[in-house]
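Below, read A as the first sequence line, B as the second, and so on, with proteins coming before strands; counting in each chain starts at 1.
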Number of protein chains: 2
Amino acid sequence: MKQNEKIKIGIIGYGNLGRGAELAVQNNLDMELVGIFTRRDPATIKTATHHVKVYPYHDIESFKGKIDVMVLCGGSASDLPKMSPEVVEHFPIVDSYDNHAKIPEHYERVNEAALKGGNTAIISTGWDPGLFSLNRLLGEIVIPKGGTHTFWGEGLSQGHSEAVRRIKGVKHAVQYTVPIESVLADARRGKGENLSAAERHKRVCYVVADEKEHKRIEKEIKTMPDYFAPYDTTVHFIDEATFFNEHQKMKHGGFVIRSGKTSPNHQQTVEFSLTLESNPEFTASVLVAYARAAHRLQKKGEIGAKTPFDVPFALMTNKTTAQLMKELL
Amino acid sequence: MKQNEKIKIGIIGYGNLGRGAELAVQNNLDMELVGIFTRRDPATIKTATHHVKVYPYHDIESFKGKIDVMVLCGGSASDLPKMSPEVVEHFPIVDSYDNHAKIPEHYERVNEAALKGGNTAIISTGWDPGLFSLNRLLGEIVIPKGGTHTFWGEGLSQGHSEAVRRIKGVKHAVQYTVPIESVLADARRGKGENLSAAERHKRVCYVVADEKEHKRIEKEIKTMPDYFAPYDTTVHFIDEATFFNEHQKMKHGGFVIRSGKTSPNHQQTVEFSLTLESNPEFTASVLVAYARAAHRLQKKGEIGAKTPFDVPFALMTNKTTAQLMKELL
Ligand SMILES: NC(=O)c1ccc[n+]([C@@H]2O[C@H](COP(=O)([O-])OP(=O)(O)OC[C@H]3O[C@@H](n4cnc5c(N)ncnc54)[C@H](OP(=O)(O)O)[C@@H]3O)[C@@H](O)[C@H]2O)c1
Ligand SMILES: NC(=O)c1ccc[n+]([C@@H]2O[C@H](COP(=O)([O-])OP(=O)(O)OC[C@H]3O[C@@H](n4cnc5c(N)ncnc54)[C@H](OP(=O)(O)O)[C@@H]3O)[C@@H](O)[C@H]2O)c1
């Protein structure tokens with residue numbers, strides 16, 4: 001360990017990502033979890049590890065000096081736009097803000113508050129945005145003449161699962177987004193850059209419902225505008241036991257493929273992929289690694305908002321330069 | 001473009017990598033190639049683009065102020081240990097030093113000379129070391145409890161091809177190193193971390209020779225100690241035309257797979273892979289991207305030796321922060 005003292009982490013928001021962050025801190029021996037902060041009544045929160053303390057969100061300021069980095073685990077839609085600027089006035093933060101179109105706005109707001117508070121913020125970490133963004137950029141850098149292809153899945157889509165669950169007669173349902181193999185293969189040969197999401201992914205639903213409703217439900221799913229109609233959609237009806245045995249994991253993942261030519265005869269392909277059995281645990285693990293970097297940047301006085309593009313990997317590891325060169329280079 | 005002025009590049013050493021670097025500079029519109037430096041007689045060098053100037057290596061000092069970064073394309077075995085420290089006293093440099101065991105020594109020598117000359121050096125860029133190293137590190141960072149698996153190939157091995165060519169009666173030969181599919185599949189499920197290189201790769205040779213020699217040659221290959229005996233080796237005899245049509249590309253690539261658990265039930269897998277039709281062109285393309293970073297670090301006064309672990313991707317791209325956030329995050 002570079003430091004003798006552990007990095008003191010606070011987690012804000014205890015949903016899927018918050019629970020993942022709690023586990024991730026345990027997997028990083030140079031860190032300790034000081035507490036979890038929630039907007040709900042702390043007494044109602046049951047943490048995974050029972051010794052962990054839960055505090056009300058509005059008390060965060062009293063932890064100044066006791067927490068090195070706050071890991072923000074609120075939702076991107078309505079929590080983070082407010083929370084990230086609010087918290088960074090008092091602590092270094094990392095977040096996983098994933099509303100791609102609004103990232104520039106979010107960055108500006110967080111940057112302003114971070115500079116005001118004299119703190120470091122690393123925004124939009126996780127896997128997409130996050131590791132996938134890094135690979136989209138790396139692909140362009142090392143193969144300047146080529147195309148970039150992002151595929152999501154095979155993975156559980158919350159939004160699409162909910163859309164199916166809203167259909168009358170559906171008892172339980174999950175929806176997986178699955179990249180189409182032949183299109184993946186084309187991407188690896190530098191073809192198909194301009195295909196739409198619907199041309200690159202298919203949708204597979206697993207539904208629990210009474211048998212006499214199957215036909216109607218399948219039709220309602222397949223014709224649902226935007227969500228399913230433009231896609232190659234398959235609906236499997238399964239029994240409740242199978243649903244609870246096989247479809248409880250929040251699995252996800254995907255591919256970032258860059259393919260192009262360095263000279264007329266030489267096709268070069270770079271591919272990055274993730275196969276995740278738990279999307280929130282993995283995302284949180286990435287957040288927590290960026291928390292280590294945020295702590296280091298803060299100590300170097302590099303305040304303000306950053307993105308994963310600005311953070312060298314050396315700042316995210318607990319290994320020394322000598323170890324990195326010997327073991328990994 | 002961030003800068004109005006182009007980044008002025010010099011290439012030192014005109015072998016495979018040097019030729020690749022010449023092409024790579026053309027693929028990066030914010031760069032210009034000032035010249036190629038060789039230890040051979042410049043008059044004997046035929047460059048790919050005829051307007052490019054070739055100068056003697058011993059003249060580099062007269063280019064001070066005219067070149068921003070020197071891209072070192074000498075061999076790792078005997079050129080770079082001497083050249084990298086020599087050149088960095090006068091210019092920022094990047095190299096692709098790939099003798100893994102001796103990287104720490106190389107780093108020390110280059111760092112000392114870089115500090116003396118007041119210049120930035122980024123060593124051991126390329127793909128392995130380089131992008132593969134980055135992914136070995138990233139894997140550990142985001143999945144602290146797991147195993148890392150590096151596979152090389154399918155790719156042409158110079159050393160093994162030469163070993164085959166030295167056998168009596170062999171007219172032409174190439175050898176490809178190929179990862180074993182079932183072992184790759186295991187790695188993706190977190191299994192097989194302690195397997196040897198021979199257990200993870202097979203060797204495939206294409207040989208041109210008189211038919212009556214085939215049996216003996218095949219036996220000599222398959223029993224060659226270290227090179228082939230420990231491996232699953234296949235020998236294909238082909239005719240000369242096929243050899244020249246199908247086996248001239250210096251293709252290479254491989255996989256870095258990290259798989260582990262974030263909690264007892266959740267396996268998480270990160271995979272990075274390369275499929276390269278020209279190993280030296282791709283390697284050079286990476287070197288040239290790091291040259292952009294070296295130039296920026298130099299301007300910021302960050303002198304001394306660095307490795308890819310120390311370089312944020314934002315320094316390697318020509319895009320602005322605003323573009324990166326809008327287009328790629
Ligand atoms: N960048 C990436 O790769 C990536 C990947 C996955 C997700 N994400 C982002 O992460 C965000 C959070 O995802 P999530 O799955 O953690 O969302 P979630 O489970 O809905 O949690 C969001 C917040 O909801 C609050 N909450 C209120 N009532 C709750 C209840 N009964 N149970 C659980 N939480 C409750 C929690 O805050 P309080 O404790 O304060 O109530 C929690 O922090 C998403 O919005 C997404 O933008 C990013
Ligand atoms: N990190 C990575 O991923 C990676 C990948 C691939 C390669 N590499 C490294 O790159 C190094 C260079 O590879 P390379 O394939 O470019 O080696 P190469 O073709 O053998 O060239 C090495 C040097 O040999 C000299 N040379 C002498 N006579 C030559 C001739 N007739 N033709 C061509 N060159 C001649 C050249 O310097 P002069 O012009 O001064 O004579 C040239 O710079 C390798 O040693 C390896 O360590 C790294």
Walk me through it: do B:S124 and A:L329 pass the test side chain to side chain contact (heavy atoms under 4.5 Å, CB included)?
CA-CA 8 Å; B:S124 297; A:L329 198 61; 3.8 Å; yes

Per-residue tally against chain A (heavy atom, under 4.5 Å) across B:R188, B:R136, B:M325, B:E281 peaks at B:E281

So A:F282 and B:V270, do their side chains get closer than 4.5 Å, heavy atoms only?
yes

So, the part of A:L23 with a heavy atom under 4.5 Å from chain B: the answer is side chain

Under 4.5 Å heavy-atom distance to chain B, tell me which part of A:K249 shows up: side chain, backbone, both or neither.
side chain

For the atom pair CG (A:L274) and CZ (B:R258), what is the distance rounded to the nearest 0.5 Å?
14.0 Å

Honestly, the part of A:N135 sitting under 4.5 Å from a heavy atom of chain B is side chain

Pick one of side chain, backbone, both or neither for B:L131, based on which atoms fall under 4.5 Å of a heavy atom in chain A.
side chain

Student check: side-chain heavy atoms of B:P308 and A:P312 closer than 4.5 Å:
no

Output yes when B:K319 and A:E140 qualify as a salt bridge under the 4.0 Å nitrogen-oxygen rule, no when they do not.
yes

Check whether B:D128 gets within reach of chain A through its side chain, its backbone, both or neither, counting any heavy atom under 4.5 Å.
side chain

Measure the CD1-CG distance between B:I141 and A:N318 for me, rounded to the nearest 0.5 Å.
10.0 Å

Testing B:I103, B:T307, B:L137 for side-chain contact (heavy atoms from CB on, under 4.5 Å) with A:L324, which one passes?
B:L137

With a 4.5 angstrom heavy-atom cut-off, is it the side chain or the backbone of A:D310 that approaches chain B, or both, or neither?
both

Can you tell which part of A:V311 gets under 4.5 Å to a heavy atom of chain B, answering side chain, backbone, both or neither?
backbone

